[in-house]
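The structure appears below as structure tokens.
In what follows, chains carry the letters A, B, and so on, assigned in the order in which the sequence lines appear, proteins first and then strands, with residues in each chain numbered from 1. Heavy atoms only: backbone and side chains are in, while hydrogens, waters and symmetry mates are out.
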There are 2 protein chains.
Amino acid sequence: MPTLEDVAARARVSTATVSRCLNSPDQVSERTRQRVMEAVRDLGYAPNFGARALAAKRTNTFGAIIPTMENAIFARGLQAFQDELQANGITLLVASSSYDPDREEDQIRALVARGADALLLIGHDRTAQTYDFLDRRGIPYVVAWVHDNSVRRHSVGFDNFAAMKALTEEVLAQGHRNIGVITAERSGNDRARERFRGICSALSDHGLDPADLLIEETTYSIDNGAERFARLMDQTPRPTAVLCGNDVFAAGALMKARDLGLRVPQDVSITGFDDIDLAGIVTPGLTTVHVPHREMGRRAARRLLALRAGDDPGPGEELETTIKWRQSLGPAPT
Amino acid sequence: MPTLEDVAARARVSTATVSRCLNSPDQVSERTRQRVMEAVRDLGYAPNFGARALAAKRTNTFGAIIPTMENAIFARGLQAFQDELQANGITLLVASSSYDPDREEDQIRALVARGADALLLIGHDRTAQTYDFLDRRGIPYVVAWVHDNSVRRHSVGFDNFAAMKALTEEVLAQGHRNIGVITAERSGNDRARERFRGICSALSDHGLDPADLLIEETTYSIDNGAERFARLMDQTPRPTAVLCGNDVFAAGALMKARDLGLRVPQDVSITGFDDIDLAGIVTPGLTTVHVPHREMGRRAARRLLALRAGDDPGPGEELETTIKWRQSLGPAPT
DNA sequence: TTTGAATATGTAAGCGCTTACATTTTTTGA
DNA sequence: TCAAAAAATGTAAGCGCTTACATATTCAAA
């Protein structure tokens with residue numbers, strides 16, 4: 001493979017000049033630059049990634065660890081994140097932790113070992129030693145999907161507590177008092193915990209005891225959502241509304257409701273969270289919390305780029321969520 | 001940051017011995033190895049990615065270019081692909097081309113520039129110069145999502161033509177003769193072309209003229225599927241079955257059917273392709289072609305690992321597809 | 001005890017690029 | 001026209017690791 005030296009010989013300049021042509025062409029005269037780029041084309045030269053990384057002490061690669069690659073909840077935000085990075089000449093490495101904290105720690109170390117200059121993390125929940133590992137190496141990171149003013153870390157996210165509380169209040173406003181919840185595992189998942197806390201807070205505000213909630217906690221999949229919904233429907237009295245921690249559980253719940261011959265929302269209301277494509281596809285359409293995933297992805301990328309450049313991007317950013325009304329939430333049956 | 005030299009000094013060995021401890025520990029005695037690994041832990045040493053890449057002439061990174069990150073059609077196969085790579089100490093870089101051939105070429109060059117040792121490509125459709133670029137650099141690649149014996153390239157996929165033809169024959173067996181098609185853009189997309197060819201072949205076998213097909217060709221999204229379905233429903237006579245090139249179009253079609261007050265399959269049958277989660281969630285459930293995405297991902301990874309190691313993994317692999325019967329395909333109205 | 005083979009460990013060159021500093025060339029203003 | 005400043009280009013050290021070859025040590029068989 002041709003090297004910088006071959007190009008330099010061909011163009012009759014130094015290797016430093018060739019390097020400048022590729023990396024800061026404004027420092028090279030037009031005539032010289034054209035001659036060099038012609039030599040690059042003629043030889044089919046491409047820089048050696050390892051050599052560049054070693055010499056420049058950076059890889060122009062960022063890493064993102066997401067809980068799962070198999071669903072759209074993270075895909076949209078990540079696509080926007082990657083688009084923004086790409087526009088700034090940065091490549092994205094994506095790893096999935098499968099909601100396993102130990103695996104996430106391994107992934108973080110693996111991404112760093114692979115030369116990631118900076119990282120996108122989901123949620124704040126991870127060991128102090130993991131943060132320490134990154135801080136000691138001077139690797140900047142941004143936490144997305146959450147917003148918590150009490151945590152002093154760079155973040156771009158939304159208030160899961162407030163968003164789920166607002167939706168719960170709408171459910172209560174529809175007259176529902178017998179409520180079920182399908183939540184993701186809350187241990188190690190601050191997003192799930194905060195959403196659940198939001199539900200409890202809304203109930204308390206209405207003089208209702210959160211201990212009366214019928215709670216199913218499970219791992220993330222459509223089938224699990226369906227199964228847990230069935231369990232809730234076996235309770236006596238049967239809940240008239242089921243609040244799901246995400247749209248995937250809600251989709252599973254809707255499927256199972258259909259299987260059980262229950263009409264949504266006449267017999268039971270179902271709500272979700274995130275407003276992914278699924279929410280509009282299922283029958284009936286899901287009433288859910290709309291999260292601006294793409295904007296979150298874009299801003300997270302900008303913040304990480306600023307941090308990597310040594311700039312101070314200011315305090316963490318909070319994005320607003322809204323309730324997307326569709327047909328799956330209706331009045332409580334009388 | 002501590003380097004190999006620091007570790008060597010601490011453990012009172014040479015840098016080569018430290019390198020051996022990390023990369024081929026069986027060549028180091030137990031006593032020496034333990035002393036070295038203790039020094040690694042004490043110093044918090046992590047190898048420098050760029051230096052390793054330069055010295056070893058490899059990055060242990062593979063690249064995959066997929067048409068879109070925003071939908072599950074590729075996510076499942078890719079997760080399995082990544083899991084297999086990870087088990088072999090390889091990191092995956094993912095880029096999306098947004099179904100744009102020029103963009104795909106840029107992404108291929110960008111992944112190579114980022115040090116990808118090998119690539120996963122989707123479909124065979126790309127310029128000779130792109131393949132040439134990879135061949136000249138000795139970068140192995142595997143093509144997935146297609147199987148074409150006439151093309152001599154390493155591939156793991158399925159026969160799109162045969163799969164869609166089999167589904168079309170079931171549609172014809174149900175008595176449908178007035179058929180609409182919603183297909184992805186066929187230019188630059190051999191998968192879409194092959195699926196369409198399968199539909200035409202089935203019609204011809206039944207003595208029907210493919211020219212009578214009502215064809216809507218569009219870019220990939222649920223909304224586009226919905227819109228094109230509406231156009232097909234405006235035709236006179238109205239098609240009694242709509243064959244969609246993928247489940248995403250089919251989901252959009254189902255939504256629009258609901259909006260138009262058309263009952264599926266009583267008023268019009270709708271079919272998809274891929275059998276992603278969506279297919280089981282929509283109402284009614286989609287009759288579709290089931291593709292073993294995870295197995296394809298796993299095998300593609302194994303083949304690429306073998307190629308990268310300089311082994312000959314044998315001829316391309318074909319995976320079998322099946323028809324997944326759900327409720328969206330029924331008899332033609334009389 | 002000696003010798004040869006096997007294993008363990010050390011030496012140090014070089015992978016290919018970036019970039020601080022040096023030198024040369026060009027441009028501008030008095 | 002000359003001197004100073006600015007721009008363009010060259011020199012070459014070194015980033016951190018791998019690994020071919022060399023040397024030292026250990027082990028086993030005669």
Is any side-chain heavy atom of B:Arg126 less than 4.5 Å from a side-chain heavy atom of B:Glu105?
no

Atom pair CG (B:Leu93) and CZ (A:Arg114), whose distance is rounded to the nearest 0.5 Å:
10.5 Å

Would you check if A:Trp145 and A:Asp190 make a side-chain contact, meaning some heavy-atom pair closer than 4.5 Å?
no

Do the rings of B:Tyr99 and B:Tyr220 sit parallel, tilted or perpendicular, given the 30° and 60° boundaries?
tilted

Below 4.0 angstrom from OP1 or OP2 of D:dT18, is there any side-chain N or O of B:Arg52?
yes

Out of C:dG16, D:dC17, D:dT18, minimum distance to the side chain of B:Asn23 belongs to D:dT18

Strictly below 4.0 Å: does B:Lys57 bring a side-chain N or O up to OP1 or OP2 of D:dT19?
no

By nearest atom, which of the nucleotides C:dG16, C:dC17, D:dC17 is closest to the B:Asn48 side chain?
D:dC17

Reported CD1-to-CD1 distance for the pair A:Ile65 and A:Ile108, which is rounded to 0.5 angstrom
4.5 Å

Need to verify one output field. Residue with the more 5' nearest nucleotide on DNA chain C, B:Gln27 or A:Thr3?
B:Gln27

Summary of ring pair (Phe, Tyr, Trp, His ring centres under 6.0 Å) pairs that have at least one residue in residues 112-136 of chain B, sequence neighbours excluded:
B:Tyr131-B:Tyr141

Counting only heavy atoms and a strict 4.0 angstrom limit, can you tell me which residues of residues 28-41 of chain A come near DNA chain D?
A:Val28, A:Ser29, A:Thr32

Contacting residues from residues 12-20 of chain A, given that a heavy atom lies under 4.0 angstrom of DNA chain D
A:Val13, A:Ser14, A:Thr15, A:Ala16, A:Thr17, A:Arg20

Side-chain donor-acceptor contact under 3.5 Å, B:Gln34 with B:Glu38:
no

Using a 4.0 Å heavy-atom cut-off, does B:Phe49 contact any base of the nucleic acid, only the sugar-phosphate backbone, or nothing at all?
nothing

